[in-house]
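Report on one structure; see the data block that follows.
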Amino acid sequence: MEQIENTTENTGAEKPGLYITRDARSFWPGTRAWTLFLGVVGLVAAGFVGLVLVLLIRVALENSIANRGELITVTMLYILAFLILAGFGGLLLWISSRIQLANRYLHTQNIAQYTESIRLYFMIAGIFSILTVLFQVVSTMVLIGD
Amino acid sequence: MFENTEPLDQEIQHDRETSIPLPAGAYGVLQQTATWAKILAITNFCSAGLQLIGMFVVLDRVRMMLRFLNGGSNYILLMILVYLIFISFTALIGWHLWIYAARLKSALLYEDTDELDLAYYYQFRYFKTLGWMVISGFILMVAAMLLFVYLRTMLSPYSY
């Protein structure tokens, strides 16, 4: 009889609201470490691309290059790669810092910021991914038709 | 009697301390995150498929070029291996994202905290797989550079 009463009580609260449990938070340090790693890698890669870009511009200014159109295309591609790598690197480092703050202080505002940073990351990554797939479709079609 | 209730109260307080209610504004943000994660998962699956098509086309071209090179079939096998590594990683990332989005949507729909726990787990798995893909890419890049140096040294007497 007592058991039935308990069951009735439990089903009464159908939507108790979401909680961030200790189990969920146990994954945060791992996520933070990987985002930190990816962010650092992104920024280092952006640094290398930037270095190549500087050397490319320096060589182009010192020597007279016959095919300027090709040079401008290559430079633009390098600038694009630099911006993407630096942007994603910075974003991932920012996410990493948000996770660290949320995990350390367990404050509602920090958790909200962590959630917001992840949303921003998936939104930007999603847009880039759509563009990449479109580029891949075109390049695969060119490759097959060639 | 008081001795019995005291630890129980502490236990309840401890549970309340460890489980934090999700901020009210986070529900909508998580909903959007799930949608974008699903889009990203679909694009990852598409990308894996396109890479597979690209592999067959590129290998067909490279096969013609490498037939005169001693041990050319080994290089084709190496290329297949590299392609398969990246295709597997892309598909795996897509799979993790798909489950992440599904868990997140389910957690929000049924207000199930266990599903939210799993969503955070798959978020961790996604970043972990992405990290390993970057590490593998770096190792393969170094290996490709070494192979390039070796091939250039080996082919240099025939270059002129």
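A note on names: the letters A, B, ... follow the listed sequences, proteins ahead of strands, and every chain is numbered from 1. Given the structure is predicted, the values throughout are model-derived calculations rather than measurements.
A donor-acceptor pair under 3.5 Å is formed between the side chain of N44(B) and the backbone N or O of L40(B). Judged by distance alone, the side chain of T90(B) and the main-chain N or O of F86(B) form a donor-acceptor pair under 3.5 Å.
Counting non-hydrogen atoms of neighbouring residues, nucleotides and ligands closer than 6.0 angstrom, the CH2 atom of W94(A) exceeds 12 such neighbours. Atom CD of E70(A) has 12 or fewer heavy atoms from other residues, nucleotides or ligands within 6.0 Å. Heavy atoms of other residues, nucleotides or ligands lying less than 6.0 angstrom from OH of Y78(A) number 12 at most.
Of the two parts of D114(B), neither the backbone nor the side chain holds a non-hydrogen atom closer than 4.5 Å to a non-hydrogen atom of chain A. Neither the backbone nor the side chain of F128(A) comes within contact range of chain B, judged by heavy atoms closer than 4.5 Å. L38(A) touches chain B through its side chain: at least one heavy atom from C-beta onward sits under 4.5 Å away, while N, CA, C and O do not. Only the side chain of T140(A) comes within less than 4.5 Å of a heavy atom in chain B; its backbone stays farther off. The part of V41(A) that comes within reach of chain B is its side chain, from C-beta onward, which places non-hydrogen atoms under 4.5 angstrom from that chain. For L130(B), the parts lying under 4.5 angstrom from a heavy atom of chain A are both the backbone and the side chain. For chain A, the nearby part of Y27(B) is the side chain; its heavy atoms alone come within less than 4.5 Å. Heavy atoms closer than 4.5 Å to chain A are found in the side chain of R61(B), but not in its backbone. Of the two parts of L97(B), only the side chain, counted from C-beta on, holds a non-hydrogen atom closer than 4.5 Å to a non-hydrogen atom of chain A. The part of Y126(B) that comes within reach of chain A is its side chain, from C-beta onward, which places non-hydrogen atoms under 4.5 angstrom from that chain. The contact between V134(B) and chain A is made entirely by side chain atoms (from C-beta outward), counting heavy-atom distances below 4.5 Å. Proximity to chain A (any heavy atom under 4.5 Å) is restricted, for Y100(B), to the side chain, taken from C-beta onward. Heavy-atom distances place no part of L120(A) under 4.5 Å from chain B, backbone and side chain included.
Residues D117(B) and T21(A) have side chains that bring a donor and an acceptor to within less than 3.5 angstrom of each other. No side-chain N or O of Q123(B) forms a donor-acceptor pair with one of T31(A) less than 3.5 Å apart.
The most heavy-atom pairs under 4.5 Å with chain A, out of D112(B), V58(B), V57(B), come from V57(B). Between chain A and the options G54(B), A107(B), A24(B), the largest number of non-hydrogen pairs under 4.5 Å is found for A107(B). Counting heavy-atom pairs closer than 4.5 Å to chain A, the top-ranked of the candidates W132(B), F56(B), Y120(B), F138(B) is Y120(B).
Atom CG of L106(A) is separated from atom CD1 of I20(A) by 9.0 Å, given to the nearest 0.5 angstrom. A distance of 9.5 Å separates OG in S88(B) from CD in Q51(B), rounded to the nearest 0.5 Å.
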(request) Evaluate the ring pair (Phe, Tyr, Trp, His ring centres under 6.0 Å) criterion for residues Y121(A) and W36(B): first the C-alpha distance (whole Å), next the side-chain angles of each, then the deciding distance (0.1 Å), finally the verdict. (result) CA-CA 9 Å; Y121(A) 169 79; W36(B) 279 112; over 10 Å; no
